Amino acid sequence: TEAAAKETAVKEAAEQERAAVKEQGGKDAVEKEKGVKEAAAEKERTASEAAEKEKAAREAAAVKDAAEKERAATEADAKETAAKDAAEKERGEKERGEKERGEK
């Protein structure tokens, strides 16, 4: 009976220890899962931030390209206008010269 009581106490202690180990293992698994989820969320945030930066860089490049094209077009328009003005001026001088020669 005393031996049976000791055996029961040992079995109970062993059962409690197994339950404690199992509980700790469950807590460890929960913590590990939580860590994995946090790491995945951080990866997602990092990827999202990288995508945002890439998008902003593309938009900035597009704006810069559009500004460069606008500047080039404005420059071309100015050159064309200057060439037309010069041609007009030359025609006018030529016509005046012909009139003056015709009047003489």
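Since the model is a prediction, treat every value here as computed from it, not as a measurement.
With respect to E88 and K84, no salt bridge is recorded, no charged nitrogen being found less than 4.0 Å from a carboxylate O. Under the 4.0 Å criterion applied to side-chain N and carboxylate O atoms, E75 and K79 are assigned as salt-bridge partners.
With sequence neighbours excluded, the residues that form a side-chain contact (heavy atoms from CB on, under 4.5 Å) with E93 are K89, R96. E15 is linked by a salt bridge (charged side-chain N to carboxylate O under 4.0 Å, His left out) to R18, counting only residues two or more places apart in sequence or in another chain. Legend: residues meeting side-chain hydrogen bond (donor to acceptor under 3.5 Å, both in side chains) with E59, ordered by chain and number and at least two apart, are absent. Residues passing the side-chain hydrogen bond (donor to acceptor under 3.5 Å, both in side chains) test with D28, sequence neighbours excluded: Q24. Checked against side-chain contact (heavy atoms from CB on, under 4.5 Å), E42 has the following partners two or more places apart in sequence or in another chain: R45, T46. Among residues two or more places apart in sequence or in another chain, the side-chain contact (heavy atoms from CB on, under 4.5 Å) test is passed with E52 by none.
Atom CD in E7 sits 12.0 Å away from atom OG1 in T1 (nearest 0.5 Å). Put simply, OG1 on T74 and NZ on K69 are 14.0 Å apart, with the number rounded to the nearest 0.5 Å. Atom CG of D65 is separated from atom CZ of R58 by 14.5 Å, given to the nearest 0.5 angstrom. Here the NZ-NZ distance, from K55 to K53, works out to 15.5 Å after rounding to the nearest 0.5 Å.
In terms of modelled atom types and a separation under 3.5 Å, the side chain of S48 and the main chain of E44 share no donor-acceptor contact.
Each of E38, K37, K32 was checked for a side chain to side chain contact (heavy atoms under 4.5 Å, CB included) with K34, and the lone residue meeting it is E38.
Side-chain contact between E2 and K6 is present, with at least one heavy-atom pair separated by less than 4.5 Å.
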